[in-house]
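Input: a single structure, listed below in structure tokens.
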Amino acid sequence: MDDPPPEDVRPVTSTAHRPCFPTHGDDGFRIGRYDLSLEYKVAANRLGAVARLSATAVRPLERVSLDLGAFRVGGVLVDGRPARFTHRDGRLHLTPGRPEPGPFTVEVRYSGVPRPVSSHWGGVGWEQLTDGVIVAGQPIGAPSWFPCNDRPDDKASYRIAVTTASPYTVVANGELVERRRAGQATTWVYEQAEPMATYLASVQIGRYRRTELGPRMLLFHPARLTTRAANDFGRQDRMMALFTDRFGPYPFRAPYTAVVTEDELEIPVEAQGMSIFGANHVDGARGEERLVAHELAHQWFGNSLTAADWRHIWLHEGFAAYAEWLWSEESGGPSAAAHAAHWHRRLAALPQDLVLADPGARDLFDDRVYKRGALALHALRTGIGDLAFFSLLRTWTAAHRHGSVTTEMFVDLALEYTPRSYETFFASWLYGTRLPPLP
């Protein structure tokens, strides 16, 4: 019989939950599609937009509440008819609501200066660059540019149309289905068919050059960084091949796109089908190649498989961090075991007060979430062997493709691949505070 879990761990089946962002999102309805038409003036940082939402109420609603930043709302239609609304504290409330469950549509006209949403990590969302825009929506930045049901488990398809001055290139999620010029402005239209969480919706605007990196892989970058970017992203096709072998097929039909901005960025930005890097991440010597691998891995872990709630963030970041180690050993760098030994020593010297499966809002992006998550995966791989471990990962991504996932769902599947009971293993790594030893 296995030893009982240590005193500082909770059962693997624990459902204890405190919402990370209780003022965002509404579980009373689901949105199936966003149709966003944006007109943006770069120099003035002015946005005018119409958002059309196709939704379904899952229970009777006294009112419908959407997340939307500090814009001027010009009017709202519900099922094609004018609706009363109030807009304050980042919430757009529509009354009357839906007396019965069922489908409905909302159209919102709004305008103003987009402002990032305040968070524990500073402003997130629509951000003006020196000469252009990035959207860094994780975790609660989506309302900075469109009205939405801002919760990670409410995934929808998108049409994103952006009109801006013709010297600029617009990159958004999905496939570019139309580009039309009228006078001095150009409209770019993207279709994101696969379901996408609101925080992964993204628009990038800049004076970019387009480079094809390989089959279904694009790179947008400033002209001055052409040589450096071509080198630093030059092995991305090999990463794609490795991750496809380890994790299963790339999950989206549109080309995978990387964007390098003219400005420096503190960290790369994750979006569905897209990753955004600052000029400081491109040195011509592959000095930040681990970040290229990390962001690519998010297309499986975070974008296709999205945490149903933010407390499960390790399912994104732990897996992407472990993908860095897999790429390292594949490309001739230190092995995953060497990385694991290094980071285990580092984490053992840090405070032992983080629960990986529920770190709390302030610690969602603590480096211990990334590295302890990667360590848990490496410990599992060591215990069950490569054949079972990578079979588990491929089954995980296939079974929940384009869906929402939880820690408990992963544990339930993983237990099918273990040669003996691993409840204590998962309890210690995921729900305990003390760092377990590596096997």
- Check whether any side-chain heavy atom of F21 sits under 4.5 Å from a side-chain heavy atom of D150, and report yes or no. no
- Query: Using a distance-only test with no angle check, is there a side-chain donor-acceptor pair under 3.5 angstrom linking E270 and N303?
  - Reply: yes
- Is there a donor-acceptor pair under 3.5 Å between the side chain of N231 and the backbone N or O of G284? yes
- Message: Hydrogens and angles aside, do H221 and T211 bring a side-chain donor and acceptor to less than 3.5 Å of each other?
- Response: yes
- Task: Could you verify whether a donor N or O on one side chain and an acceptor N or O on the other, from T306 and K155, lie under 3.5 Å apart?
- Result: yes
- Task: Would you name the heavy atoms of V108 and V73 that are closest together and state the gap between them?
- Result: CG1-CG1, 4.1 Å
- Query: Would a 4.5 Å heavy-atom cut-off, applied to side chains only, mark F29 and R59 as touching?
  - Reply: no
- Item | Criterion salt bridge (charged side-chain N to carboxylate O under 4.0 Å, His left out) on E329 and R246, from CA distance to verdict | CA-CA 13 Å; E329 65 182 11; R246 298 293 193 266; 5.7 Å; no
- Tell me, which pairs form a ring pair (Phe, Tyr, Trp, His ring centres under 6.0 Å) where one or both residues lie in residues 222-252, sequence neighbours left out? F233-F277, F243-F247, F247-W300, F247-F301, Y250-F252, Y250-W300, F252-H402
- Item | Salt-bridge contact D35-R159 (side-chain N to carboxylate O under 4.0 Å) | yes
- Message: Is the distance from the ring center of H378 to that of Y322 below 6.0 Å?
- Response: yes
- How far apart are the C-alpha atoms of D27 and R151, what are their side-chain angles, what is the distance that settles it, and do they pass the side chain to side chain contact (heavy atoms under 4.5 Å, CB included) test? CA-CA 9 Å; D27 64 0; R151 42 185 299 140; 3.3 Å; yes
- Message: Would you say that more than 12 heavy atoms from the other residues, nucleotides or ligands in this model lie under 6.0 Å from the CZ of R238, or not?
- Response: yes
- Message: I'd like to check the ring pair (Phe, Tyr, Trp, His ring centres under 6.0 Å) partners of H281; sequence neighbours left out, ordered by chain and number.
- Response: none
- Heavy-atom distance under 4.5 Å between the side chains of V259 and Y208, does that happen here? yes
- Item | Under 3.5 Å side-chain donor-acceptor pair for H298 and E317 | yes
- Item | Contact summary for R52 and S37, nearest pair of heavy atoms | NH1-OG, 4.0 Å
- Message: Set out, in order, the CA-CA distance, both residues' side-chain angles and the distance that settles side chain to side chain donor-acceptor pair (under 3.5 Å) for D353 and T433, then state yes or no.
- Response: CA-CA 5 Å; D353 58 0; T433 55; over 6 Å; no
- Message: So that I can tick it off, tell me whether D153 and R30 are bridged by a salt bridge, with the cut-off set at under 4.0 angstrom between side-chain N and carboxylate O.
- Response: yes
- Query: Are any of the side-chain nitrogens in E39 or R109 under 4.0 Å away from the carboxylate oxygens of its partner?
  - Reply: no
- Query: When you check the side-chain N and O atoms of R63 and T95, is any donor under 3.5 Å from an acceptor?
  - Reply: no
- Query: Looking only at atom types and distance, does a side-chain atom of S331 sit under 3.5 Å from a main-chain N or O of W327, one as donor and one as acceptor?
  - Reply: yes
- Contacts of Y199 meeting ring pair (Phe, Tyr, Trp, His ring centres under 6.0 Å) (sequence neighbours excluded), chain-then-number -> W310
- Using distance alone, with no hydrogens and no angle criterion, decide if W188 and E178 have a side-chain donor and acceptor under 3.5 Å apart. no
- Item | Contact summary for R91 and T23, nearest pair of heavy atoms | CD-O, 3.6 Å
- Item | Nearest-0.5 Å distance that lies between atom CG in N45 and atom CZ in R115 | 9.0 Å
- Task: Only one of M274, E295, R216 passes side-chain contact (heavy atoms from CB on, under 4.5 Å) with Y256; say which it is.
- Result: E295
- Query: Is S328 reaching over with its side chain to a backbone N or O of P334, donor-acceptor style, under 3.5 angstrom?
  - Reply: yes
- Message: Any non-hydrogen side-chain atom of V64 less than 4.5 Å from a side-chain atom of V78?
- Response: no
- Query: If we ignore angles and hydrogens, is there a donor and acceptor under 3.5 Å between the side chains of S65 and D26?
  - Reply: no
- Task: Considering only NZ, NE, NH1 and NH2 on the basic side and carboxylate oxygens on the acidic side, decide whether R311 and D363 come within less than 4.0 Å.
- Result: no
- Query: What heavy-atom pair brings L392 and L380 nearest, and what distance separates the two atoms?
  - Reply: CD2-CD2, 3.8 Å
- Query: Q352 and L435: which non-hydrogen atoms are nearest, and at how many Å?
  - Reply: OE1-N, 2.7 Å
- Electrostatic pair R224-E262, nearest N-O below 4.0 angstrom: yes
- Message: Would you say that L354 contacts D366 through its side chain, given a criterion of any heavy-atom pair below 4.5 Å between the two side chains?
- Response: yes
- Centroid-to-centroid, W396 to H400, below 6.0 Å? yes
- Task: Starting from the C-alpha separation in whole Å, work towards a yes-or-no answer on side chain to side chain contact (heavy atoms under 4.5 Å, CB included) for L326 and F390.
- Result: CA-CA 11 Å; L326 296 177; F390 290 114; 3.9 Å; yes
- Item | Chi angles and distances behind the side chain to side chain contact (heavy atoms under 4.5 Å, CB included) call for E330, M239 | CA-CA 9 Å; E330 172 73 12; M239 292 180 191; over 6 Å; no
- Task: Would you check if the side chain of Q272 reaches a backbone N or O of P195 as a donor-acceptor pair within less than 3.5 Å?
- Result: yes
- Item | Electrostatic pair R372-D367, nearest N-O below 4.0 angstrom | no
- Query: Below 4.5 Å, heavy atoms only, C-beta onward: do P82 and L77 meet side chain to side chain?
  - Reply: yes
- Message: Would you say T86 and H93 are linked by a side-chain donor-acceptor pair, where the criterion is simply a distance under 3.5 Å?
- Response: no
- Verdict with reasoning, W126 to Y40, per ring pair (Phe, Tyr, Trp, His ring centres under 6.0 Å): CA-CA 12 Å; W126 188 285; Y40 183 68; 5.1 Å; yes
- Message: Do W121 and L364 have side chains that approach each other closer than 4.5 Å (heavy atoms only, starting at C-beta)?
- Response: yes
- Item | Backbone of G183 reached by a side-chain donor or acceptor of R181 within 3.5 Å | yes
- Message: Quiz question: by atom type and distance under 3.5 Å, do the side chains of Q204 and S202 form a donor-acceptor pair?
- Response: yes
- Message: In the structure I gave you, are the side-chain heavy atoms of L38 and L47 within less than 4.5 Å of one another anywhere?
- Response: yes
- Report yes or no: does Q192 contribute a side-chain atom to a donor-acceptor pair with the main-chain N or O of Y158 at less than 3.5 Å? no
- Could you tell me whether R72 atom CZ has more than 12 heavy atoms of other residues or ligands within 6.0 Å of it? no
- Task: With side chain to side chain contact (heavy atoms under 4.5 Å, CB included) as the test, would you mind laying out the steps for D232 and E289 before giving the verdict?
- Result: CA-CA 7 Å; D232 287 8; E289 192 177 51; over 6 Å; no
- Greater than 12 external heavy atoms within 6.0 Å of E62's CD: no
- Query: Would R207 count as a cation-pi partner of Y168, with NZ or CZ less than 6.0 Å from the six-membered ring centre and within 45° of the ring normal?
  - Reply: yes
- Derivation of the ring pair (Phe, Tyr, Trp, His ring centres under 6.0 Å) call for W314 and F319: CA-CA 7 Å; W314 84 277; F319 282 67; 5.6 Å; yes
- Taking all non-hydrogen atoms of both residues into account, name the closest pair between A197 and P152 and its distance. CB-O, 3.6 Å
- Message: I'd like to know if R228 and D283 make a salt bridge, using a cut-off of under 4.0 Å between side-chain N and carboxylate O.
- Response: no
- Do D263 side-chain atoms and G278 backbone N/O form a donor-acceptor pair below 3.5 Å? no
